[in-house]
Amino acid sequence: MSEATAPKTASDPNATGVVFDIGYQRYSGPREGRRRARLAVYKDGIRKALGFGRSARTKLLPWAFVGLLVIIGVIMAVMAGAGQRALGDAGAELLGGPSHRLYYVISITILFVFAALVAPRLLCPDRRNGTLHLYLVRPLTSTDYVLARWAAFLTVMLLVAWLPQCVVLVGRVLGHPEPMTYLDGNWTDIPKFLLSGAAIAVVVTTVAMFASGLATRRGYASVLLIALYLIPSAVTAPLSLIPQLQWVSVFDLGQVLGDTNTLIFEGAPQGAEAGAQPDFESESPFEEGLLPARLAPGLLLTAYFTWLVAPGAILWRHYRRLTR
Amino acid sequence: MHEAGALMTLSKVTKRYATVVALDEVDLSFSEGITGLLGENGAGKSTMIKILLGLFPPTAGSARVLGEDVTRNPLIRSRLGYMPEHDCLPLEAPAAEFLCHMAEVNGLPATRARMRAADTLRHVGLFEARHRPMGTYSTGMKQRVKLAQALVHDPDIVLLDEPAAGLDPAGRDEMLDLVRRTYREFGITVVFSSHLMSDVERTCDRITILEGGRVARSGRVAEYTAETRTFFIEVDGNRERFLSALTARGVSMAVGRGGVAVQGVDEDLCDLVRDALVEAEAPLRRMAPRRRDLTELFTGAAGDRGDEGGA
């Protein structure tokens, strides 16, 4: 076992090719404390999520989703560009066509499934393998650990949300006969899709990390997350058709995120109240039938922040209790 | 009662879990060297280690490590290393990558962390296997990675929870040798829990015996294994004639299967033994003062708890 613990010396001046094995040494270099510790956990979280440094099989899942979302972005970009060239400005505007807002409407469910399958990689194995204890006996608190993992997955979610939007933007710009004119007239789409993507990513990340923190097995966490997304939707969708019960949509995470996206792109609906029928008009025939009744902005914001804060607080408290 | 210059101290520490008292008003200090924490399962060894690491606070009392309250100052943990008893390794990761990551989590810059990971894996004899996923390692190799991750950031103190658990005799010898070298060659203070007396006796300078959450005994191993006022004699033949010759000379003795224990240490006794050997024509194999066995100490600890103090 002590394969190379005895140091070799170059006592013979004629010796060549001497390997100096100095073995274990005391360390007197810098120690960068909690900042370095948090950064290390953050970097490790990104590596785990995207499978860097792991087998091709581990990489397959996250990158397949990234690929799928980019392909959707490319298809939308090509359609937008083709429509622009074929129908001209006026025709394309009349027809609507794929937009930045529509991209999120289509991709929210895919983003959520991605989170359900990938986020558990960041928390579940550390608890299941017992590695969490090794983190918590280092200059790192449970809050540091959870925040670093959350930030790592948020970074991945932002990449996955924004990258295809950039593809859509490039398609729309290049599809226009005068790209600079298009940019000049539609530059506000950029902060809107960045903001909307961030709003979706923050909540999806928090809910995904919450479910991952409760389970030690990745499969259980994934099932819990998908159930959190689908079951409330299945229950509230028929109920929300009754105007007096439209508020129950606050339990439907998909609707909350979808309405937040619409709010960012289109602003508040005129005279919106809980239970009111939306007067929002679809910009595209592609979206016909996709738009449920929108939540009133006040209720929507309350629901949005509740979906953000409640799972986050439970997750934080859960990890605090692990060290009590 | 704490020693001057103690690296870690527990003052009146109590830890309760619902209805169970894991530690009960423990007063103890740990100074430089290798200290063995000995006790049966459930005696409170792991709880004591976790309190020293700041993994959870005591219900009552205080724990200080290197002069700091470890629950209030997590930075002090960068001077500590911990090897848990349970599994803690991400099996899909190679050892080199895992150690490098753990060094960074201890605050070492990335380039230094890589160098430290390689050096530490060489120290524990895993340099050649460092790029293999840890899931392919044997139990002994995994134990060595666990020790390596406790040492990778060069701590001042390492706390090892049952480091030789689950190892075969050869693996156990290697692990205990590594633990000894960790202090003797690198000056890293070791606190080492075990329920095996022989491991502690072979490895540690000091010993603390825990029983039912209380310190039953604490002191230097050498004191407990000091010579007794008894000689142990083994002969290669004519054993019965030798015993008769001793009896004839009025020597007080206890006969065991391996040899005979003779009470007394003075020169007259040695002369009587010599004469008995000559008379019986019994070839002498061994004659040595008998040392106390730690097992005697452990079995006698329950009835004698008045010896608490610095380890």
Side-chain angles (χ1 to χ4, degrees), chain A residues 1-7 21-45 47-48 51-55 57-58 121 124-145 148 320-324, chain B residues 50 53-57 71 74-82 84 86-94 97-98 101-110 112-113 116 119-120 122-128 133 140 144 146 149-151 153-154 159 171 174 177-178 181-182 185-188:
Chain A
M1 75 169 285
S2 53
E3 58 191 59
T5 48
D21 172 14
I22 54 176
Y24 186 91
Q25 298 278 295
R26 296 309 305 258
Y27 177 75
S28 55
R31 290 177 192 266
E32 297 174 358
R34 287 171 75 183
R35 187 183 62 82
R36 170 64 63 179
R38 290 188 199 116
L39 184 64
V41 177
Y42 169 80
K43 283 193 316 188
D44 183 64
R47 273 203 303 267
K48 280 185 167 158
F52 292 139
R54 294 287 177 274
S55 65
R57 216 179 70 176
T58 312
R121 292 179 174 195
C124 296
D126 285 347
R127 286 187 59 206
R128 188 166 159 74
N129 296 331
T131 316
L132 180 62
H133 279 109
L134 298 185
Y135 284 113
L136 298 182
V137 297
R138 288 176 154 81
L140 196 73
T141 63
S142 55
T143 306
D144 292 333
Y145 170 82
R320 291 267 296 172
R321 288 184 63 173
L322 291 178
T323 53
R324 286 289 176 272
Chain B
K50 285 172 184 171
L53 288 162
L55 259 179
F56 43 64
T71 53
L75 269 182
I76 202 70
R77 294 191 203 130
S78 64
R79 316 299 303 194
L80 300 177
Y82 171 53
H86 54 73
D87 292 337
C88 61
L89 303 176
L91 300 180
E92 75 289 352
E97 183 192 308
F98 174 63
H101 174 54
M102 281 294 140
E104 279 194 71
V105 177
N106 270 295
L108 272 61
R112 304 288 186 105
R116 290 288 311 171
D119 288 350
T120 313
R122 182 177 282 121
H123 171 59
V124 300
L126 288 175
F127 190 72
E128 298 298 327
R144 282 187 263 159
K146 282 162 67 177
Q149 64 77 31
L151 296 172
H153 55 293
D154 190 29
L159 297 109
E174 288 173 350
D177 180 53
L178 273 173
R181 286 175 51 211
T182 298
E185 294 180 21
F186 312 116
I188 299 170

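What you see is a predicted model, and the numbers here were worked out from it, not measured in a lab. Proteins come first, then strands; the chains are lettered A, B, ... in the order of their sequence lines, and each starts at number 1.
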Checking heavy atoms, do the side chain of [X], its backbone, both or neither come under 4.5 Å from chain A?
X        : answer
B:Ile76  : neither
B:Pro133 : neither
B:Leu159 : neither
B:Ala113 : neither

Smallest separation among heavy atoms of B:Glu97 and A:Gly53, with atom names | OE1-O, 4.2 Å
B:Asn106 and A:Pro139 have their tightest heavy-atom pair at OD1-CD, 3.5 Å
Nearest-0.5 Å distance, [atom1] of residue [X] to [atom2] of residue [Y]:
X        : Y        : atom1 : atom2 : answer
B:Arg112 : A:Tyr27  : CZ    : OH    : 4.5 Å
B:Thr120 : A:Gln25  : OG1   : CD    : 10.5 Å
B:Phe56  : A:Leu136 : CZ    : CG    : 12.0 Å

Top residue by heavy-atom pair count (under 4.5 Å) with chain B, among A:Ala148, A:Ser55, A:Gly33, A:Ala40?
->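 Heavy-atom pairs under 4.5 Å are most numerous for A:Ala40.
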Max heavy-atom pairs within cutoff under 4.5 Å with chain B, candidates A:Arg38, A:Arg26, A:Arg54, goes to A:Arg26
Greatest number of heavy atom pairs closer than 4.5 Å to chain A - which of [options]:
options                              : value
B:Val105, B:Leu80, B:Leu89           : B:Val105
B:Met102, B:Glu92, B:His86           : B:Met102
B:Lys50, B:Lys146, B:Arg79, B:Glu185 : B:Arg79

Residues in residues 124-134 of chain A near chain B [non-hydrogen atoms, under 4.5 Å] = A:Asn129, A:Gly130, A:Thr131, A:His133, A:Leu134
Using modelled atom types only, decide if a donor and an acceptor are shared between the side chain of [X] and the backbone of [Y] within a distance under 3.5 Å.
X       : Y        : result
A:Arg31 : B:His153 : yes
B:Arg77 : A:Arg138 : yes
A:Arg34 : B:Leu75  : no

